[in-house]
Structures are given as C-alpha cells and as structure tokens.
Amino acid sequence: MTEERATQMPAPDVLQQKWLPVWEKLAPFRSGDLTDVRPKKYVLDMFPYPSGDLHMGHAEAYALGDVLARYWVQQGFNVLHPIGWDSFGLPAENAAIKRGLNPRSWTYENIELQRTSMQRYACSFDWDRVLITSDPEYYRWNQWLFLKMYEKGLAYRKASNVNWCNSCQTVLANEQVVAGLCERCDSAVSKKKLTQWYLKITDYAERLLNDMQQLEGVWPDKVLTMQRNWIGRSVGAEVKFQIEGIDEPVVVYTTRPDTLFGATFFVIAADSDLAYELAKDSAHFSEFEQYLEQTKKSTEIERLSTDRAKTGLSLNRFAINPVNGERLPIYVSDYVLADYGTGAIMAVPAHDQRDLDFAKEFKLSVIKVVETGEDNPAETFVATSGDGVLINSGMLNGLSKDAAIAKITEFLFEKDLGKAAVNYRLRDWLISRQRYWGTPIPIIHCDSCGEVPVPENQLPVELPDPTGLDLTPKGASPLGAATNWVVTKCPKCSAPAKRDPDTMDTFVDSSWYFLRYLNPKLDSAPFDVKLAAEWMPVGQYVGGVTHAILHLLYARFFTKVLFDLGFVNVTEPFSRLLNQGMVLMDGAAMSKSRGNLVRLSEELDEHGVDAIRMSMVFAGPPEDDIDWADVSPHGSKKFLARAWRFSKDVTSAVGVDAKTGDIELRKTTHKLINEAQQAVETYRFNVAVAKAMELVNAGRKAIDTGAGPADPAVRECAEATAVLVSLFAPYTAEEMWENLGHQPSVARAGWLKVEPELLVAESIVCVLQISGKIKSRIEVPIDITDIELEQLALSDYTMKTALAGVEVKKVIVRAPKLVNVVV
RNA sequence: GCCCUCGUAGCCCAAUGGCAGAGGCAAGCGGCUUAAACCCGCUCCAGUAUGGGUUCGAGUCCCAUCGAGGGCACCA
C-alpha cells in the first residue's frame, strides 16, 4: 500500500501548494529585463471582463494561449505574455446597480478573484505588467489619445440619428447593433437624434481594407471576410440632379450609372435634412412630419425586414434626369438611408429590386435599359441586375454593362454632371455613452469659447465618487448630476463652464492596451515609443471570434492613427491571429438557465488544473468548438500519471551523454519532438499532445522491454517529454523535471534540439503497387535511386508473379517510398 | 437569397496527391487484486456523406447533390 503511494503522482492540491510559491519566486515568464539578450516575441491573450470568476471559455482560451507562449519560451525567446482587465463598461455597472454596490469595489473584487484563479491555472503571464483599464493611470491616456485625435480632427461632435437602446438607455455604435438588436441586452434598437462624439474611422476605410493584404494567410479568412463586408467598399458614380425650384443640384450615389436612362423616380431618406428642406414649404408637410415620426419610432428590426411592403410619401416635386431631361417624381421613404451615400437615390426599378418593390407599391413606371435575356421586370416584378446589352439609353445603346459604366461616368465628368466615386458602408465610430463606469470625455463646454479640450497637465479627468449619484440609466449621463464635478472653469477664459458628462465606449480602452503592457507604469506617455519599436507588432494574438469586427477593427484603426502620429512604426497591430472556438455542453452554449452549465472551479477541484488544461487542448483543433460532453478529463489524468511514472523510472544520472544511448529510441524521440514542433507552430495543438503520448508510450516500452531504465536515450526521451508536457500540464511537467533530478523550472528548460541526422532513417519500407493496388512491400535504403528501385521492384517475387505474362505500360517510381507498375 | 468552411471507426479526432490510423474515449479479452476500482498488456472497429470527373494513383484536386456550421442580407 505504502509502496504504491510512493509511485503515485501527488494530488492536485498538493501540487498547487508545492509549485505556486516556487513559480512566484522564480517568475520564469518575467520579460522586462533590459539585459535579456533573447530574441523578443509578443504573445497576447485578449484580456477579460471582470464579471465574475473565470469560466470554461476562459479556461480554453488561456490554455491555448499558454501553449504558444510557453512554446516560444522553450524555443529561447523572451516572450512578452501579459494580462490585464478590461474593467470599464456596462456589465460591471449593471451588476453593480443590481446589487447596490459601487461599480469600483465590485469590479476590483472580481479582478482579484480572477487573478487568483489565473495563477492557480498556471497561466504563464508576466505578472509585473498587469494593467486595469478602470485605473485613472490607464484611462488618463484614453483621454490623452482622444485629445490627440481631437487636434487632428479625428474626434468630433455631431448631431445625428443614432442607435438607441431603450433598455440600456444609451446610444450604441453601429457595430454594437446586431440584426437590429442591442448586442448586450438583445432588445430592439431605435433611432434618436442626438449630438454625440465620433471618431473618424471612415478616413481610414481604404487603409483598413488595403492593409488586410498583410494579414492574408496569418489571420483566419473568416475574420478578414467579415471585416471586408463591414467596411463594404463599393465603386460607382455620383450624379448631380437638378430639382425644380431649387438652385443647388442634389447629388446621388449609384453603383449603376449605366442604368441612368432607366431612372423613373427619385427617393430621399425621410430622416435626412434634404427631405425636411423639400417638404417644409409643401402642402404635404403635416403628412411628412407624421411619416418621419413613424420612421424614427420603428425599430431597426422592422426597418430591416425585407418582406415588409415599401412605404413612402410623394412630395409632388420633381428632379430632372441630367441625361435625358425626364421629370422624376420625388418621394421620401425609409428604405433609403440618410447616412449612406448622400441620403438620396435615383430609382431604377427595372434593375434594382428595392426600387421595383417601391414602384409596384406606388404604381410607378418601369423602364428596362439593360437587356439581360431574362423576363421583363415590369411584368414579373423581379429586377434584373446582371450584365447585358444597353437599350433605351441613347448614347449607351449596344454597350455592355461595364462599357456603359465607363462611358457614362466619363460623360458625366466632362459635362460637370457627376464623377466616379467610392463609397463605404463603414460609418464613423460613435464613442460617447450616457453611463457612469467609463472614461470621462476630456472636453469642457464653455458658453463663450465652445468646446475646449482639458489641458494635458490636468489629466486625468477622474470619475467622481459615485456615492449619492443615481446610476440607474435615464438616458442622460449620471455624471451630469454630479454638480461639483461637472461645474468647472473654462481653461481658456476661466468663466464658469461644464464638463462633458459622457463617457467613452469601452472599445476605446481595448484599442491600444497592447501598447500599454510594454510599460504599464509609465507616467509620461501612454506607452514607451522605444519599447513599441522593439516589441510591436504582437506576434501572436489569441481570442474569440466574437471580436472579429468590433475590437479588431478599432485596434487596427488606432494603430494606424498612432502610426500617423509617429508613435509606432507598424501599421497593423497583430501579425498572427488565432480564434479559439467555444466550450459547449451537449451541443449548446452553456448557461445556467439552460441547466447545462459546467463549473470550471468544480472541474478543477475534481480533476486538477493539468487534466483540465490538457483536455481543452487535446479535444480538437483550437478553432473548433469543444463539446464538454465529448471530453474526458479522466483520460488526460491517466496520461499525465503515466508520463509522471515514466520520468520516475529513469535511473541514469543527470547529464549522461544521450549519444551513447539506444539509437532507435533516439530516432523516435527526435522525430516525435520535430513533429510536435511543427504541430504547435501550425496550431495543431491536439496533434502535439498526441506526440507527447507517443513519446511516453515509446519511453515506457523502452524501459519495460527495450533499452532499460538506465539507457541515456531513455533519459533524453523523458526530458524532452517533460518539456513538451510543460506546454499543456505545467504542474506535472515540473514534477517530471524534478523526478529527473533537475532544478526548477521546467518552463525554462529549453526545447530539445532536434538532430537532423536522427530524422533520416537508413532504410524505409517501400510500397510496390500494380495499377495503384498494393501488391508487396520491400525494405530499401533511404538513398536508393529511381533506377535501382525500379529494378528491385520488378525483381520482387510477388511482383514478378503478378506481372507474369502481362504487358507493362508504364512504371512510376517515387524513390524511396513507392513504385507503381501500370498494366 | 448570396458567400465561406466542414462531413473519416460507436464517439472525439490524425493522415506534404502515394500503405486510411498518430493519439484518445467507449467496448471486449487477459494480467494484478480476497474483491472492486486504479493500473498494466492485448484486441475489436471505417475505405473516408452521395454521384461524377482529373490522375499511374484521390480522404486530399475539380463539378454536382445532400447534410451540418458560420458570415452577409433595404448600403443604391
């Protein structure tokens, strides 16, 4: 009984008590030593929201990030692998309101909880670099960067119809509206005309698009596609239309200038300024106002539903088609968007389904100008959008679509009636929020001076104590009620003035945090420009695909702005991106209400950190979702115990020369380590784990029935295994390393240097085929020539018999692996 | 509706166009044990969703169909 115990791996809680203090003391992942000569590599995990303790999703993400971080350390790199907390934002604030607590204390308690869990989970973070975005030392620099953008005209305020979440009582960025619903609370989003702060991301649309070429192949295609869709570049033309009774022409944007002769009416977005101007003096003004009211009230969901009949209102006014002088009746409608293009369109019902739907509703004429060979849209009410021959189009008749676009664009330009134009779906980024728990916008509103930036030396503008403030969402920022805080002096004229009461979208915080990690305590600048030059770009970013658009687009935008400001010398922040999948249970996302929640802490208590980490990594490719029902932590545990016993059974002394060991085992070890290396570098971590299992199997066999426990090759195999295992199971690996007589930590032991000469076998089994069917196998030297191999193959007994009397058409030889005789 | 990805053993998953199995789970048999669990050893299991095509040779490349997942969808 006691004997058995001695050969058992210690229990998980014993391992924790033993190793956590050792790791804290040795800090194997400290990366800030200026004299460190190792080459640098920046591995970054997306930082968490402190909304409670870590859950299964965190466990997977951090296990995967750790494989990469620990791997590169073993390969001799100085790896920067930091962690922090994205601690501002609505979840924290809502939770705080619900529990009647200060968002601050609630947030920081959760941070401590998560920090402890991460340490227990053996995350290889550099704990010297922790940052917390709700610290004034951090958000001060949000404000500083905001002011830099303000100086450049990249931060500005405008009145516009914005997305409004009635439940969160705040505005939302376009990116936070998903299918017409609020990303956070899933309630319907409506429009509200408000004056808000924006960042001019549209100035960077072209660069955000073009620079994706650098990311091709190193970011998941899926993410690149989503970003391209989001930016939504389109090419077309702007066309000037005169409106009867108005001097200034109205410009419309179209991607189909070739169909200009087919325009039969004209539509203006109901909520645009132009619509108001035109309706103002008309007899239809009250109807217009009614329609406008209705438009604004309708939620995004209703507006987007495609099966809804088109609505609108005739203004009884006319636009003149510049190419043929036709009078086009002007309508207002909500199917035209005020903030895309110019908010007005020429309607070509024959070749645009939306226009056709509207024409059908209002009995407007349909003129076909592109003959595509399909049925007439005027009869079928199915618009044709493909290529064809232009008809009914004057000078364009007979041309193809592309030729017509080129010709008409040139014509319009020459006559000063329009020009080629590019448009983007991307809108400017709305960053002001009417909530407390965020970065105050560093602007002071003065009656005589207007918007005045807070002077740099007065930063940070700290959040006031929330005691006594009503944080419940009311549609206006709670900060507005903090009189002592709001009322201040104008920095310019010293007159009484008011602080801007809004706070910033938390995506501002996460748009540059990767730079702050380089020196999170720096108090003279947001980040150290010199360190940025050394460490950037992030070599490996790991996080969920949920941030495919929002966070990654914003971070790319900020990086380009910082590049333009001369603060960084890279234009893209993240050179490689890995999106991990989700952890599911029985095919569905885990949730308490669904009753399929698996608690991380319970799993860790039951199976230990190592078994859980290994299960996460081994379950499948990292991008795939893991179904916890398919995962066997018990299996992982068994393997780890086996690996541990392997290390325990090695009897040779530390430092024996592996070269004197069993050559076959050495070959196996080097081959497997080489394969594991390839697997890790191509994100096939599950395969790398399988290689570790093979190593243990090989080692076990060598000890029991082969070279024996004292053979130096067995030690080499065990040590290489310990290092490989350290990527997935740090505690077990540390024990193995100790069993093998080494000082901690195995984390810095170093990857086995693969000897190329051990990778090449002297002989190999060659497959002999007849017409693609395997007939025989022969063992041949690795360096056999094609000619030699062919002769050998044809003289093989089985082959000879099989080929007797048949005509050989061709012999394919792929030395040394295969010969195929075609008959 | 449009675009992308993926269908391999009972299950999770491997396989530079060249022997379908690396590894694991589950199952079965044997050993250890008073017994059970643990542990150790061995074994079983698919011709790769379907139908065509390219090739000396296809899980891998191409086309179509079916199925699953994801993205986009009044952006003129």
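Numbered from 1 within each chain, the chains take letters A, B, ... in sequence-line order.
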Report task. Tell me what I774(A) touches on the nucleic acid: a base, only sugar-phosphate, or nothing, going by heavy atoms under 4.0 Å. Result -> sugar-phosphate

Query raised in the report: In whole Å, what separates the P atom of G28(B) from that of A36(B)?
Result: 14 Å

Query raised in the report: If the P atom of C62(B) is compared with that of A9(B), how far apart are they to the nearest Å?
Result: 22 Å

Query raised in the report: Considering only heavy atoms and no angle criterion, is a donor-acceptor pair shorter than 3.5 Å present between the side chain of K310(A) and the base of C74(B)?
Result: yes

Query raised in the report: Say you pick atom C1' in A73(B) and the same atom in C66(B); how far apart are they, in whole Å?
Result: 25 Å

**Report entry** Integer angstrom distance from the P of A49(B) to that of A15(B)
**Finding:** 16 Å

**Report entry** d(CZ, R233(A); P, C72(B)) in whole Å
**Finding:** 21 Å

N/O to N/O distances under 3.5 Å, protein versus nucleotides 21-29 of chain B:
residue	atom	partner	partner atom	Å
A22(B)	O2'	E694(A)	OE1	2.9
A22(B)	O2'	E694(A)	OE2	2.0
C25(B)	OP1	K638(A)	NZ	3.1

Query raised in the report: Given that R700(A) and D221(A) both sit by RNA chain B, which one's nearest nucleotide is further toward the 5' end?
Result: D221(A)

Query raised in the report: When you check the gap from the basic side-chain N to the acidic O, do D352(A) and R256(A) get nearer than 4.0 Å?
Result: no

Report task. With sequence neighbours excluded, tell me which residues meet side-chain contact (heavy atoms from CB on, under 4.5 Å) with K419(A). Result -> E238(A), F413(A)

Report task. Write down the distance between CD1 (I703(A)) and C1' (G41(B)), rounded to a whole number of angstrom. Result -> 16 Å

Query raised in the report: Base, sugar-phosphate alone, or nothing: which one does T254(A) contact when heavy atoms must sit under 4.0 Å apart?
Result: sugar-phosphate

**Report entry** Set of salt bridge (charged side-chain N to carboxylate O under 4.0 Å, His left out) partners for E60(A), sequence neighbours left out
**Finding:** none

Query raised in the report: Now, which nucleotide makes the Watson-Crick or G-U wobble pair with U5(B), with each of the two distances under 3.5 Å?
Result: A68(B)

Cut-off 3.5 Å, no hydrogens considered: what does the side-chain donor-acceptor table look like for residues 620-629 of chain A, sequence neighbours left out?
residue	atom	partner	partner atom	Å
D625(A)	OD1	M582(A)	N	2.7
D627(A)	OD1	D586(A)	N	2.9
D627(A)	OD1	A629(A)	N	3.1
D627(A)	OD2	G587(A)	N	2.7
W628(A)	NE1	E603(A)	OE1	3.2

Requested in this report: Could you tell me whether the phosphate oxygens of G71(B), OP1 or OP2, come under 4.0 Å of any side-chain nitrogen or oxygen in R228(A)?
Outcome: no

Query raised in the report: Given atom CG of L789(A) and atom P of C56(B), what is their separation to the nearest angstrom?
Result: 19 Å

Requested in this report: Could you work out which one of C56(B), C40(B), C13(B) sits closest to the side chain of N820(A)?
Outcome: C56(B)

Query raised in the report: Using atom P of each nucleotide, how far apart are G10(B) and A46(B) to the nearest Å?
Result: 8 Å

Query raised in the report: Do the side-chain N or O atoms of R814(A) get closer than 4.0 angstrom to the phosphate oxygens (OP1, OP2) of G17(B)?
Result: no

Requested in this report: Write down the distance separating the C1' atoms in G18(B) and U60(B), rounded off to the nearest Å.
Outcome: 11 Å

Query - Salt bridge flag under 4.0 Å for residues D704(A) and R700(A) - result: yes

Report task. Any strand is fair game: report the nucleotide pairing with A27(B) by Watson-Crick or G-U wobble, both distances under 3.5 Å, or none. Result -> U43(B)

Query - Pairing residues for K401(A) by the salt bridge (charged side-chain N to carboxylate O under 4.0 Å, His left out) criterion, not counting sequence neighbours - result: none

Query raised in the report: Any side-chain N or O of K222(A) less than 4.0 Å from the OP1 or OP2 oxygen of G70(B)?
Result: no

Report task. Please determine, for A37(B), whether a Watson-Crick or G-U wobble partner exists with both distances under 3.5 Å, and give it or none. Result -> none

Query raised in the report: Between C72(B), C56(B), C40(B), which one does the side chain of N229(A) approach most closely?
Result: C72(B)

**Report entry** Paired nucleotide for C32(B) [Watson-Crick or G-U wobble; both distances under 3.5 Å]
**Finding:** none

Query - Distance in angstrom units between D271(A) CG and C74(B) C1', rounded - result: 13 Å

Report task. Provide, to the nearest angstrom, the distance between the CG atom belonging to D624(A) and the C1' atom belonging to C11(B). Result -> 15 Å

Report task. Identify whether any heavy atom of E675(A) sits under 4.0 Å from a base atom; if not, whether one sits that close to sugar-phosphate; answer base, sugar-phosphate or nothing. Result -> nothing

**Report entry** Check ion pair E216(A)-R228(A) (N to O, under 4.0 angstrom)
**Finding:** yes

Report summary line: Any strand, both distances under 3.5 Å, Watson-Crick or G-U wobble: G21(B) pairs with C13(B)

Query raised in the report: Applying a 3.5 Å limit to both distances, which nucleotide forms a Watson-Crick or G-U wobble pair with U48(B)?
Result: none

Report task. Round to a whole Å and report the spacing from CG of N579(A) to P of G71(B). Result -> 12 Å

**Report entry** Whole-angstrom distance between A64(B) and C6(B), as gauged at atom P
**Finding:** 16 Å

Report task. Measure from CD1 on I405(A) to P on A76(B) and round the result to the nearest Å. Result -> 12 Å

Query raised in the report: Do NZ/NE/NH1/NH2 and the carboxylate oxygens of D796(A) and K775(A) come within less than 4.0 Å?
Result: no

Requested in this report: For the residue pair F265(A) and F358(A), categorise the inter-ring angle as parallel (less than 30°), tilted (30 to 60°) or perpendicular (more than 60°).
Outcome: parallel

**Report entry** Distance below 4.0 Å between S234(A) side-chain N/O and A76(B) OP1 or OP2
**Finding:** yes

Query raised in the report: For the side chain of L337(A), counting heavy atoms from C-beta on, which of C13(B), G18(B), A76(B) is nearest?
Result: A76(B)

Query raised in the report: Taking atom P of C13(B) as reference, at what distance in whole Å does atom CZ of F685(A) sit?
Result: 16 Å

**Report entry** side-chain contact (heavy atoms from CB on, under 4.5 Å) against E694(A), all qualifying residues, sequence neighbours excluded
**Finding:** L672(A), K691(A)

Query raised in the report: Can you tell me if the side-chain N/O atoms of Y340(A) get under 4.0 Å from OP1 or OP2 in A76(B)?
Result: yes

Query raised in the report: What integer number of Å spans the C1' atoms of U55(B) and G41(B)?
Result: 44 Å

